[in-house]
Amino acid sequence: MNNSIDNLLHETRRFEPSAEFRATAVASADLYARASEDRPAFWGEQSAELLHWHKPFTKTLDWSRAPFATWFEDGELNVAYNCLDRHVEAGNGDRIALNWEGEPGDSRTFTYAELTAEVKRAANVLIGLGIGEGDRVAIYLPMIPEAVISMLAVARIGAVHSVVFGGFSADSLRARIDDAQARLVITADGGWRRGKVSALKPAVDAALAIGATLNEHGEPGPTTSSVESVLVVRRGENEVDWFPERDLWWHDEMAAAGEHHEAQPFPAESPLFILYTSGTTGKPKGILHTSGGYLTQAAFTHKNVFDLKPETDVYWSTADVGWITGHTYVVYGPLANGATQVIYEGTPDAPHPGRWWEIIQKYRVSILYAAPTAIRTFMKLGRQIPDAYDLSSLRLLGSVGEPINPEAWIWYRDVIGAGTTPIVDTWWQTETGAMMISALPGVTTLKPGSAQVPLPGLKIEVLDDAGTPVGKNAGGLLVVSEPWPAMLRGIWGDPDRYVETYWSTFPGKYFAGDGARLDRDGDIWLLGRVDDVMNVSGHRLSTAEIESSLVSHPRVAEAAVVGAADETTGQAVVAFVIVRVEQAGDLRQEADALAAELRTHVAGQIGAIARPKQVFIVAELPKTRSGKIMRRLLRDLAEGREIGDTTTLADTQVMSIISTNIKA
Ligand code: WT7
């Protein structure tokens, strides 16, 4: 790690903003100075300027109950009104809000007036189902317009959404439904993925059937879950089972619902959504975000980091709404700013590997926000694919989710950005709610591979283990040292875990879980997670969660999971498994079949995103004398490196046993 970072830090290429870009740039250098004078006051100014407050706030930050913050506490607003109605009232109702592209090539367009009308109806549907302020609604949908409409309808009535990524299994969905005690699930029959319909409703049925008794027809009896109704959008047109006492078609309910709905104001600290993310234990954390502060930072960063000109830009974030990027930079940031955007249902390679570039050409996309994994995949496929399309509309590129290596950064700029577009590498997390570290286009001189500088209004430091800020040209742990508007307000139902996870490493400072290094100029380079959390294709996965899934398999006695470096996905899940002795059988012959079975087992339990890339059946695991698994050594093995220092192992023979095992 340290060798490669030293190589990276020798990266000398610098890209000054062009005079042309600078001349019309949205951001300006004085934002930094204004913000550092008085951070809370700066955010107050931004909030008043960027949002409509039904009742203006008189307070900004209250940190007296740290680490529990409030922002703009006595103000009242409606998040959906800010994203919709006010643009229509300002005369922009005919501006396109969403250009939706289905995977098979069908498309739908919504102006701001049309999207507002849809959300009003959907709000009435929710009210009709008895959903009100503070109630939780689980959303388990493909990337279709109804995902955006549902989220905004929930927000509009002061309810709380919990979007669960469609790639999660029935078990994972159920755990999230239970934790939040959701009363309603909004799903679809299915959606298009990789050239075919992938069913979603069966997973909802299975999730809700867990723990329910079956009647004589094999149908689940009264559910043991908190869910009263399931709203089903028709998209895949695949056959679905139907439970009339619980299931409702979205289109029927929408047709029957009234069109009028006036948005009511809610207090700034009203919960807006819960989004689950993996931590270092097996149980995902329900990250809680509230309304006024979150929307302020979402709108501010979306406008300044993407240099948004809402009248002319066409913005596309390729993220799914199931992740935080899909919340902040598909729904809330862009719509609060009145942007025109593209959303796409499918995978980048369906029906052909030029699909993304075709979409950019079709809609004249000017701002693209994507993950390094995707960029590296395209790099491997070769530039002849994007070169076949007209990408001249692009003027700004963004990157998020994992470090972008300088080589991929340069390729992104040269091949996708015609060698001229600025690239903003944006560091943030589900917990931070919005971007925290990024260059400002038109202001910052860009440096490939570094996320660079804290955004205006944020204080970020790199500390050593003792909590002392490291100087330039040194590494340590990344912390946020002052509260910020979009910060998480807690972990749903578990305030102690919130304090323990984020605020106990360095009292008074938020510890993000990432390692970082300052270069000679003081710019920040992210070095990846320092805890047992993996980052696969920009998605966070917990080693503990996958290990506990593996040991739930009847043939597994013990399991250790590591994130091994992977050229394309950043990290890949690699599992080491010890099989139960009484079940061992003839392992040599069976190992491949068992490995395949275990990969499927994990995918079934957690979701396809967690499926290990490799499973090694081994006789031993490397442990310290206190019984802690030494993942570092397993990582060495998985990455094909010389095994590092083994002196703290309880049994120093064990690594050679494992490596002979693996090679056999
Ligand atoms: C973790 C957060 C932020 C939305 C997507 C992921 C890593 C994120 C970067 C970046 C280096 C990055 C960090 C962070 N990460 N952006 N630009 N450079 N690393 O959200 O699932 O909450 O994961 O992703 O390790 O802690 P998430």
Side-chain angles (χ1 to χ4, degrees), residues 164-165 167-169 171-176 178-179 275-287 323 402 429-431 477 488 491-494 496-502 504-505 511-515 528-566 569-580 598-618 620-624 626-635 637-638:
V164 179
F165 175 59
F168 279 116
S169 67
D171 284 343
S172 298
L173 173 62
R174 176 60 182 265
R176 287 156 174 77
D178 286 349
D179 188 71
L275 183 60
Y276 288 84
T277 188
S278 299
T280 51
T281 70
K283 189 175 184 281
K285 299 174 284 197
I287 302 302
W323 309 108
E402 43 181 322
Q429 305 179 300
T430 304
E431 291 88 340
L477 302 171
L488 75 165
I491 294 176
W492 185 258
D494 201 346
D496 295 342
R497 189 175 179 195
Y498 166 68
V499 177
E500 166 66 27
T501 306
Y502 303 108
S504 65
T505 312
F511 175 47
D514 279 35
R529 306 283 309 188
V530 297
D531 50 12
D532 291 331
V533 172
M534 297 168 285
N535 187 327
V536 178
S537 303
H539 300 311
R540 207 195 291 188
L541 292 172
S542 148
T543 53
E545 197 179 352
I546 299 175
E547 284 165 2
S548 91
S549 167
L550 286 166
V551 296
S552 76
H553 188 280
R555 297 201 54 188
V556 175
E558 258 192 276
V561 166
V562 298
D566 184 280
T569 59
Q571 286 188 311
V573 180
V574 177
F576 295 82
V577 164
I578 303 180
V579 175
R580 284 180 191 280
L598 293 175
R599 293 176 66 241
T600 310
H601 172 77
V602 173
Q605 279 209 329
I606 303 176
I609 45 162
R611 179 188 289 124
K613 187 177 174 193
Q614 280 186 296
V615 175
F616 294 116
I617 313 291
V618 296
E620 304 272 0
L621 289 171
K623 290 184 185 155
T624 61
S626 61
K628 195 171 167 353
I629 293 173
M630 293 186 70
R631 286 204 177 67
R632 174 173 58 80
L633 299 178
L634 293 175
R635 224 173 284 127
L637 253 177

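Not measured: the values here are computed from a predicted model.
Rounding to the nearest 0.5 Å places CE of M534 at 11.0 Å from OG1 of T569. The CD atom of E431 lies 10.0 Å from the OH atom of Y498; values are rounded to the nearest 0.5 Å. Here L275 contributes atom CG and R176 contributes atom CZ; the two are 9.0 Å apart, rounded to the nearest 0.5 Å. Separating the NE2 atom in H539 from the CD atom in Q571 is a distance of 13.5 Å, to the nearest 0.5 Å.
The ring-ring contact (aromatic ring centres under 6.0 Å, His included) test applied to Y502 returns Y510, not counting sequence neighbours.
In K613, the NZ atom is not crowded: 12 or fewer heavy atoms of neighbouring residues, nucleotides or ligands sit closer than 6.0 Å. The environment of E500 atom CD is sparse: at most 12 non-hydrogen atoms of other residues, nucleotides or ligands sit within 6.0 angstrom.
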Task: Chi angles and distances behind the side-chain contact (heavy atoms from CB on, under 4.5 Å) call for D179, Y276 - done: CA-CA 10 Å; D179 188 71; Y276 288 84; 2.7 Å; yes

TODO: Go through D514 and Q429 one step at a time and tell me if the side-chain contact (heavy atoms from CB on, under 4.5 Å) criterion holds.
DONE: CA-CA 10 Å; D514 279 35; Q429 305 179 300; 4.0 Å; yes

Open item on the list: The test is side-chain contact (heavy atoms from CB on, under 4.5 Å); show your working for V618 and I578 and say whether it passes.
Closed with: CA-CA 5 Å; V618 296; I578 303 180; 4.1 Å; yes

Task: Residues V602, R611; criterion side-chain contact (heavy atoms from CB on, under 4.5 Å); working and verdict - done: CA-CA 6 Å; V602 173; R611 179 188 289 124; 5.6 Å; no

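Looking only at atom types and distance, the side chain of S172 has a donor-acceptor partner in the side chain of S169 under 3.5 Å away.
Tested against I629 for a side chain to side chain contact (heavy atoms under 4.5 Å, CB included), the candidates V562, D532, L621, T624 yield a single pass: L621.
Remark: the backbone N or O of R555 is not paired with any side-chain donor or acceptor of R580 at under 3.5 angstrom.
The two residues V556 and L550 have their closest heavy-atom pair at CB-O, 3.3 Å.
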